[in-house]
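Source: prediction; values computed, not measured. Both backbone and side-chain heavy atoms feed into the values below; hydrogens, waters and symmetry mates do not.
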Amino acid sequence: MKKPFFTTDETHQIINTIQETEKTTSGEIRVHIESRCWQNPLRRAILVFKKLNMHRTKLHNGILIYLALKSRKFAIVGDKSINEKVPEEFWEGIIKNIQPYFQDKKICNGICEAIRQVGEKLQEFFPPVKNDEDELTNEISIGN
Ligand code: CA
Ligand code: CA
């Protein structure tokens with residue numbers, strides 16, 4: 001059997017970080033992880049974003065943190081309302097910030113840090129709303 005990407009504890013840690021971060025913003029954050037990416041990671045992330053139906057949030061502020069671990073390719077892609085506010089380079093900055101975690105093989109910590117940094121930016125433009133719904137599941141999406 002293939003080794004899973006995360007232990008049960010790590011999975012909970014990531015899901016909790018998403019949950020906590022989503023209390024600070026109406027944005028919806030998801031994480032997708034897979035082994036390899038054979039193309040441009042941003043293009044792959046856009047495809048995964050669509051596959052996960054992440055464009056169906058009311059405010060169009062879903063955001064995906066995409067990781068292809070073995071290929072060492074990462075991308076962050078947001079829905080249209082986010083793109084109107086935040087330039088793509090900003091997300092590249094977050095990816096750079098978390099590279100050291102990946103070099104140290106602290107994948108889970110790196111992902112949680114990315115979630116927090118994404119959340120910090122989202123709350124500037126997308127503060128929490130009343131009667132917030134969890135529009136997109138906080139579960140990690142796992143690819144091949
Ligand atoms: Ca929400
Ligand atoms: Ca959510």
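- Considering all non-hydrogen atoms of both residues, Asp134 and Asn138 come closest at OD1-OD1, 3.2 Å.
- Note: the hydrophobic cluster containing Ile95 also contains Ile115 (ILVMFWY, side chain heavy atoms under 4.5 Å, direct or indirect links).
- Of all heavy-atom pairs spanning Arg30 and Ser141, the tightest one is NH2-CB, 3.7 Å.
- For Arg56, the side-chain contact (heavy atoms from CB on, under 4.5 Å) partners are Asn53, not counting sequence neighbours.
- For Asn40, the side-chain contact (heavy atoms from CB on, under 4.5 Å) partners at least two apart in sequence or on another chain are Leu42, Arg43.
- Contact check for Trp91 versus Val77: no side-chain heavy atoms found under the 4.5 Å cut-off.
- Applying the salt bridge (charged side-chain N to carboxylate O under 4.0 Å, His left out) test to pairs two or more places apart or on separate chains, none has a residue in residues 61-75.
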Side-chain polar contacts of residues 102-114 - donor-acceptor pairs under 3.5 angstrom, sequence neighbours left out - could you list them?
residue, atom, partner, partner atom, Å
Glu113, OE1, Arg116, NH2, 3.4
Glu113, OE2, Gln117, NE2, 2.9

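- Note: Ile14 CD1 to Ile29 CD1 = 12.5 Å, rounded to the nearest 0.5 Å.
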Next on the checklist: Walk me through whether Val129 and Asp132 qualify under side chain to side chain contact (heavy atoms under 4.5 Å, CB included).
Outcome noted: CA-CA 5 Å; Val129 288; Asp132 176 69; 3.9 Å; yes
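- Atom CD of residue Glu88 and atom CG of residue Asn83 lie 7.0 Å apart, to the nearest 0.5 angstrom.
- Considering only residues two or more places apart in sequence or on other chains, Glu89 meets the salt bridge (Lys or Arg N to Asp or Glu O under 4.0 Å) condition with none of them.
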For residues 60-68, please give each side-chain donor-acceptor pair under 3.5 Å, one per line with the distance, not counting sequence neighbours.
residue, atom, partner, partner atom, Å
His60, ND1, His55, O, 3.3
His60, ND1, Asp79, OD2, 3.3
Asn61, ND2, Ser26, OG, 3.0
Tyr66, OH, Glu34, OE2, 2.5

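- Applying the side chain to side chain donor-acceptor pair (under 3.5 Å) test to Lys58 and every residue at least two apart in sequence or in another chain returns Glu133.
- Side chains of Ile15 and Ile18 form no contact here, defined as non-hydrogen atoms less than 4.5 Å apart.
- Listed by chain and number, the residues in a side chain to side chain donor-acceptor pair (under 3.5 Å) with Ser81 amount to none (sequence neighbours excluded).
- Note: the hydrophobic cluster containing Ile98 also contains Ile76 (ILVMFWY, side chain heavy atoms under 4.5 Å, direct or indirect links).
- Contact of the Ser35 side chain with the Phe5 side chain is registered, since non-hydrogen atoms from C-beta on lie closer than 4.5 Å.
- With sequence neighbours excluded, the residues that form a side chain to side chain donor-acceptor pair (under 3.5 Å) with Lys23 are Glu20.
- The two residues Glu135 and Glu28 have their closest heavy-atom pair at N-OE2, 3.1 Å.
- Among residues two or more places apart in sequence or in another chain, the side chain to side chain donor-acceptor pair (under 3.5 Å) test is passed with Gln13 by none.
- Under a hydrophobic clustering in which Ile, Leu, Val, Met, Phe, Trp and Tyr are joined whenever their side-chain heavy atoms come within less than 4.5 Å, directly or via other members, Leu69 and Val48 fall into different clusters.
- Under the 4.5 Å side-chain heavy-atom criterion for grouping Ile, Leu, Val, Met, Phe, Trp and Tyr, Leu52 is not connected to Val31 through any hydrophobic cluster.
- Remark: Met54 CE to Ile46 CD1 distance equals 12.0 Å, nearest 0.5 Å.
- Note that the CG atom of Leu136 and the OG1 atom of Thr57 stand 6.0 Å from one another [nearest 0.5 Å].
- Taking CD from Glu120 and CG from Leu122, the interatomic distance works out to 10.5 Å, rounded to the nearest 0.5 Å.
- Each ring pair (Phe, Tyr, Trp, His ring centres under 6.0 Å) pair with one or both residues in residues 116-144, not counting sequence neighbours, would appear here, but there are none.
- With sequence neighbours left out, Lys121 forms a salt bridge (Lys or Arg N to Asp or Glu O under 4.0 Å) with Glu124.
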